[in-house]
Amino acid sequence: MPSYNPADVERRWQQFWETHKTFRTPDPGDPAAAGKPKYYVLDMFPYPSGAGLHVGHPEGYTATDILARFKRMRGFHVLHPMGWDAYGLPAEQYAVEKNVHPRITTQQNIATFRRQIKALGFSYDWDREVDTTDPGYFRWTQWIFLLIHDTWYDPEQKKGRPIAELPIPPEVRARGEAAVARYQDGYRLAYQAEVPVNWCPALGTVLANEEVVDGKSERGGHPVERRPLRQWLMRITAYADRLLDDLEPLDWSESIKQMQRNWIGKSEGAEVDFELASVRDYREANPSELVDGFAPIRVFTTRPDTLFGATYMVLSPEHQLVDRITTPEQRAAVTAYQQAAARKSEFERTELAKTKTGVFTGAYAVNPVNDERIPIWIADYVLSGYGTGAIMAVPGHDERDFAFAKQFGLPIRTVVRPTDEWLTKTGSTLDALTEAYSDVGVAVNSGLLDGLPTAEAKQKIIGWLQEKGVGHRRVNYKLRDWLFSRQRYWGEPFPVLHPADGGPTVRLDPGVLPLVPPDLEDFKPTGTPEGPLSKATDWVNVSIGGKDYHRETNTMPQWAGSCWYFLRYIDPKNTEALADPAKLRYWLPVDLYIGGAEHAVLHLLYARFWHKVLFDRGYVPCPEPFQRLVNQGMILGEYEYHVTVEAEAANRAELAGLGVVATRRESEDPKKPDTYVLKVTAAEGDKPANLPDELVEKVKGKMVLKGLGIELATKAEKMSKSRGNVVNPDDIITEYGADSLRLYEMFMGPLEAVKPWDTKSIKGVYGFLSRAWRLVVDDDAEKLKLNAAVKDIEPDKDTLRVLHRTVQKVTEDTDGLRFNTAIAAMMEFVNHVTKLEARPRAVLEPFVLLLAPYAPHVGEELWRALGHTTTLAYEPWPAWDPALTKADEIEVPVQVNGKVRARLRVPAEIGDKELEAAALADEAVKAQTAGKTVKMVKVVPRKLVNVVVG
RNA sequence: GCGAAGGUGGCGGAACUGGUAGACGCGCUGGCCUUAGAAGCCAGUGGCCGCAAGGCCGUGGGGGUUCGAGUCCCCCCCUUCGCACCA
């Protein structure tokens with residue numbers, strides 16, 4: 001063979017690995033695993049879209065593959081699987097568009113993804129492949145649903161327990177079986193409720209809060225409206241505290257942990273009841289009468305210490321008390337405001353948040369701490385979905401309340417003393433604040449709290465409220481229960497039956513699972529909240545034991561299958577259980593999980609929640625599934641030159657004269673202006689290319705278009721079809737091979753960094769692989785033959801040192817996921833050995849082993865050229881000798897007053913005294929210090945000398 | 001507005017606990033090879049001044065600590081990401 005030909009090498013080795021099942025992972029008891037520590041490296045499995053693989057996919061997959069191969073060579077028993085997250089909206093949308101059954105499109109998409117992924121040479125154990133739409137898989141998704149449905153959360157023990165263990169109050173038991181069933185239904189972790197949901201008419205389904213961004217669907221950007229519907233929900237809120245606390249010890253990036261914490265949004269404070277003034281008046285006038293039916297207004301606050309500063313109250317426009325308390329004079333204004341608020345989407349409400357709006361209801365409430373009567377307003381700055389949907393407004397110490405109070409002339413009272421510094425800075429006095437002081441401080445104007453610092457004041461007032469029966473301590477979460485049903489066809493059916501007579505929902509026996517969806521011809525959404533499954537009347541209506549039932553016509557959301565797939569890889573063919581407990585004990589938790597940051601909250605939070613339920617019920621051995629999580633950074637498109645709209649307009653003719661084509665590019669951020677992208681077209685029919693260097697110059701640190709002086713901005717943007725900057729991995733593999741693609745993606749920069757793609761840079765890694773190839777292989781021979789320069793000789797000292805340094809660097813950097821610097825070290829090795837006339841086999845062999853996890857096809861082929869007949873996948877990883885990494889002679893810089901003036905070549909083991917003497921004896925140093933007094937000489941042993949003169 | 005991560009040559013990026021800034025790669029320049037090109041190989045490549053030796057400047061900006069700062073401290077600017085009326 002010949003010169004490096006990736007297409008040939010890669011095809012043959014992929015074939016070899018497949019036929020020899022090189023990467024089959026034996027189960028724990030197997031002799032092949034004996035004595036080895038386990039290592040579970042997991043990729044976030046892809047959603048096989050119609051568009052095929054994107055260059056972003058191989059980034060994470062290459063990283064995990066390098067680590068999997070590295071760990072195998074270091075003696076670990078490695079689990080490294082792949083599968084498909086194939087249920088869900090996008091597949092169904094695609095199927096509806098193409099008018100092909102989603103099962104067919106899904107299988108086609110999976111086939112494409114599998115082919116593309118296999119072409120990259122990853123060392124997956126393909127015998128463990130899972131597909132969430134496979135009945136053998138979703139049988140267990142449904143089984144887990146039943147388990148969650150069978151579980152209630154015991155706040156005492158802080159864990160999920162079987163519903164059979166839920167204590168039933170005697171009065172409920174007395175009312176009979178149906179009553180007990182209804183009571184239990186109220187506690188299940190999977191439950192049905194009529195709740196206001198995010199209904200998306202365009203998609204014909206409801207969406208989880210997590211799937212709605214800025215009031216639009218995350219997918220497609222369609223408008224979303226609120227409407228009440230019967231839905232399945234998961235009581236994830238019961239686990240909020242554990243999801244929060246267990247985050248702490250995980251080896252995840254701080255930013256992802258923070259995003260999860262924010263999403264859970266725990267805040268501690270108090271709930272306080274404010275009685276209506278009218279109720280109080282009536283009660284006081286009729287002391288003997290039992291006044292009922294007028295509940296107080298309950299608010300949640302994190303600052304109960306500021307209760308004395310509450311000068312008004314605000315209810316959300318949707319609050320149920322609004323209609324009952326509004327006075328006749330205010331009725332018209334209130335109704336009008338409510339209607340206006342209802343018309344606004346959530347998005348508009350927040351978008352137009354600059355000025356506060358609101359209306360007085362005419363009613364008053366009594367502040368329980370000082371019996372003061374304060375007006376009750378409604379305003380849309382108070383959200384119905386958080387806390388109690390009502391607040392006590394403390395304008396002195398809350399920015400929003402302050403703005404509102406200013407807007408409507410409501411009183412502002414200082415009840416926490418700001419620092420003097422703050423008063424001066426803001427130009428406030430204690431009696432006249434110019435803005436809200438929301439920090440902690442010492443309570444003033446607050447009766448029994450006066451003089452207490454915030455923390456103590458909170459404790460004291462909560463105690464007081466509890467004593468009086470008008471308030472209590474309360475923890476609140478932003479996290480909502482997880483809306484778990486979708487009105488779609490392409491998802492797991494719920495394994496339940498609804499009795500036609502309206503009785504409590506019945507669970508299917510786990511033994512009859514999987515419940516397979518009906519084979520619908522027409523799977524399009526109905527456009528109504530009845531899902532497409534309702535069209536399959538034969539499937540929906542069943543009669544068991546003479547009783548009529550109908551099946552649930554909602555399906556589970558896309559996230560269901562991905563909540564537990566990493567468990568199924570461990571035992572993918574098990575028909576008795578989701579996985580063998582012994583195998584789960586062996587492999588869990590996942591040691592390293594790599595994937596995109598877009599799953600920071602959704603998938604990772606849901607999967608953690610399911611895992612905890614499974615843990616509580618004894619099905620998995622650990623409370624957290626993913627010990628270490630790394631998010632790869634996004635790969636952006638190639639950088640392009642942009643100019644402002646004004647510059648384009650002013651220079652249109654000149655640009656055309658230079659052969660430059662300007663295309664308007666809409667800004668993603670509505671707050672930022674559009675730009676024009678500049679390209680050139682060399683010949684007719686050519687794809688426009690980036691501006692060549694001849695057209696660009698640097699003037700005063702700014703990039704400008706040569707001649708015209710227009711300022712250019714270089715920008716790299718997300719890859720997207722609309723921008724036409726998507727890179728297809730297939731094209732790169734055809735031109736340079738999978739090894740080069742792998743290497744390039746790792747060489748671009750740190751794994752976690754966002755980085756722009758640059759196709760021409762692949763030449764660098766391709767050249768490196770070609771050089772490595774020629775190092776070992778005879779380039780001119782017809783067949784694979786060892787290069788004649790490879791000899792069984794002792795390496796010289798220098799070469800040995802380069803080898804040992806390379807082994808050390810590559811080992812440490814691979815272990816730390818610093819693949820870019822590991823590759824740089826291998827490049828330096830090749831640059832060094834290329835210069836040698838005779839190349840010692842003793843340094844080439846370890847090098848090939850180092851290279852193999854990164855470029856496995858080239859690695860195997862070179863290993864074969866060196867005379868080996870088996871795969872190198874399980875060869876021991878090379879070791880390095882620290883003594884051999886050290887040089888005999890080192891270069892030490894000498895500074896005079898902190899500036900490098902000379903470099904000395906000295907023996908590596910030189911003492912400080914000798915080093916100092918050598919430095920002072922140096923001619924260049926003498927020249928710099930001549931005529932000056934040496935004040936001090938700082939010697940950093942074997943590193944540096946600094947001579948200070950004055 | 002809040003939170004997080006960043007800002008180093010023309011570009012992607014290196015730089016261990018403060019100790020030779022710019023490893024490695026792209027691009028660019030010159031040379032070799034070639035009928036020519038491609039590929040490959042060799043050399044050079046932060047900026048400014050200088051024939052050279054050498055000098056001065058230089059890690060977003062400004063100040064500070066230190067013999068010595070990309071790295072530590074204070075202030076400011078910018079970029080990206082996440083959250084965003086959460087009481």
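Hydrogens, waters and symmetry mates are skipped; everything else that's a heavy atom, side chains included, is used. A, B, ... follow the sequence lines: proteins, then strands. Residue 1 opens every chain.
Residues A/Gly749 and A/Tyr386 both approach RNA chain B. Their nearest nucleotides, taken by heavy-atom distance, put A/Gly749 toward the 5′ side. Between A/Gly767 and A/Pro893, the residue anchored nearer the 5' end of RNA chain B, judged by the nucleotide with its closest heavy atom, is A/Pro893.
The side chain of A/Arg774 lies closest to B/rG40 when the candidates are B/rG40, B/rC24, B/rG68. In this structure, the nucleotide among B/rG19, B/rC24, B/rA87 sitting nearest to the side chain of A/Val382 is B/rA87. The side chain of A/Glu828 approaches B/rC24 more closely than any other nucleotide in the set B/rA87, B/rC24, B/rC67. Side-chain atoms of A/Pro756 lie closest to B/rG12 of the nucleotides B/rC85, B/rG12, B/rG19. Nearest to the side-chain atoms of A/Tyr639 among the listed nucleotides B/rG3, B/rC24, B/rC11 stands B/rC11. Distances were taken from every side-chain heavy atom of A/Lys943 (C-beta onward) to each of B/rG19, B/rG82, B/rC24; the shortest belongs to B/rG19.
A/Trp757 has its ring centre less than 6.0 Å from the ring centre of A/Tyr744.
Atom name P, nucleotides B/rG31 and B/rG37: the rounded distance is 12 Å, in whole Å. For the P atoms, the distance from B/rG12 to B/rG3 is 29 Å, rounded to whole Å. Separating the P atom of B/rA4 from that of B/rC75 is a span of 14 Å, rounded to the nearest Å. Rounded to a whole angstrom, the distance from the P atom of B/rG18 to that of B/rG13 is 25 Å. For the C1' atoms, the distance from B/rA38 to B/rC33 is 13 Å, rounded to whole Å. Rounded to a whole angstrom, the distance from the P atom of B/rG22 to that of B/rG44 is 15 Å. Comparing the same atom, P, in B/rG9 and in B/rC48 gives a spacing of 15 Å after rounding to whole Å.
Pair assignment for B/rG44: B/rC28, on the basis of Watson-Crick or G-U wobble contacts that are both within less than 3.5 Å. Using N1 to N3 plus N6-O4 or O6-N4 for Watson-Crick, or N1-O2 and O6-N3 for G-U wobble, each under 3.5 Å, B/rG68 pairs with nothing. Searching all strands for a Watson-Crick or G-U wobble partner of B/rU8 with both distances below 3.5 Å returns nothing. With a 3.5 Å ceiling on both atom-pair distances, B/rA38 lacks any Watson-Crick or G-U wobble partner. Applying the Watson-Crick and G-U wobble criteria (two distances, each under 3.5 Å), B/rC2 pairs with B/rG82.
One interatomic measurement links the two molecules: NZ of A/Lys899 to P of B/rG54, which rounds to 16 Å at whole-angstrom precision. When the P atom of B/rA69 is taken as reference, atom CG of A/Asn897 falls 12 Å away, rounded to whole Å. One can place CG of A/Leu315 at 13 Å from C1' of B/rA87, the figure rounded to the nearest angstrom. The distance from atom CG of A/Asn262 to atom C1' of B/rC85 is 16 Å, rounded to the nearest whole Å. If you take CG of A/Leu636 and C1' of B/rC81, they are 12 Å apart, rounded to a whole angstrom. What separates OH of A/Tyr736 from C1' of B/rC26 is a distance of 11 Å, to the nearest Å. Remark: P of B/rG13 and CD1 of A/Ile635 are 11 Å apart, rounded to the nearest angstrom. Distance A/Lys478 NZ to B/rC2 C1': 10 Å, rounded to the nearest Å.
Residue A/Asn820 has no polar side-chain atom (N or O) positioned under 4.0 Å from OP1 or OP2 of B/rG12. Taking 4.0 angstrom as the limit, A/Lys257 places none of its side-chain polar atoms (N or O) nearer than this to OP1 or OP2 of B/rG3. Of the side-chain N and O atoms in A/Arg942, none sit less than 4.0 angstrom from OP1 or OP2 of B/rG19. OP1 or OP2 of B/rG27 has at least one side-chain nitrogen or oxygen of A/Lys763 nearer than 4.0 Å. For A/Arg771 and B/rC41, the shortest distance from a side-chain N or O to OP1 or OP2 is below 4.0 Å. Taking only side-chain nitrogens and oxygens, A/Asn831 comes nearer than 4.0 Å to OP1 or OP2 of B/rG25. Under 4.0 angstrom from either OP1 or OP2 of B/rG55 there lies at least one side-chain N or O belonging to A/Arg901. For A/Ser267 and B/rA87, the shortest distance from a side-chain N or O to OP1 or OP2 is below 4.0 Å. Considering only side-chain N and O atoms, A/Gln260 lies nowhere under 4.0 angstrom from the phosphate OP1 or OP2 of B/rG3.
With salt bridges taken as basic N to acidic carboxylate O contacts below 4.0 Å, one links A/Lys679 and A/Glu640. A salt bridge does not link A/Lys458 with A/Glu268: none of the charged nitrogens is closer than 4.0 Å to a carboxylate oxygen. Salt-bridge formation is detected for the pair A/Asp273/A/Arg298: a Lys NZ or Arg NE/NH1/NH2 atom is positioned less than 4.0 Å from an Asp or Glu carboxylate oxygen. The pair A/Lys755-A/Glu59 meets the salt-bridge criterion, since a charged nitrogen lies less than 4.0 angstrom from a carboxylate oxygen.
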Query raised in the report: Can A/Leu775 and A/Asn787 be said to form a side-chain contact (heavy atoms from CB on, under 4.5 Å), step by step?
Result: CA-CA 7 Å; A/Leu775 223 46; A/Asn787 192 312; over 6 Å; no

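Across all strands, A/Lys760 comes closer than 4.0 Å only to sugar-phosphate atoms, never to a base (heavy-atom distances). The residue A/Glu254 sits apart from the nucleic acid: no heavy atom pair falls under 4.0 Å. At the heavy-atom level, A/Gln928 lies under 4.0 Å from the strands shown only through sugar-phosphate atoms. Using a 4.0 Å heavy-atom criterion, one finds that A/Val940 contacts the bases of the nucleic acid, with or without backbone contacts as well. A/Gln895 comes within contact range of at least one nucleobase, with a heavy-atom separation under 4.0 Å.
Its glycosidic angle being more than 90° from 0, B/rG40 falls on the anti side.
Checking A/Asn476 against A/Ser267 by side-chain atom types alone, no donor-acceptor pair falls below 3.5 Å.
Take A/Glu435 and apply the side-chain contact (heavy atoms from CB on, under 4.5 Å) test, not counting sequence neighbours, and it matches A/Trp422, A/Thr426.
Checked by distance alone, A/Lys356 brings a side-chain donor or acceptor within 3.5 Å of a matching partner on the base of B/rC85.
Using the six-membered ring where Trp is involved, A/Trp377 and A/Phe404 have ring planes that are perpendicular, over 60° apart on the 30 and 60° scheme.
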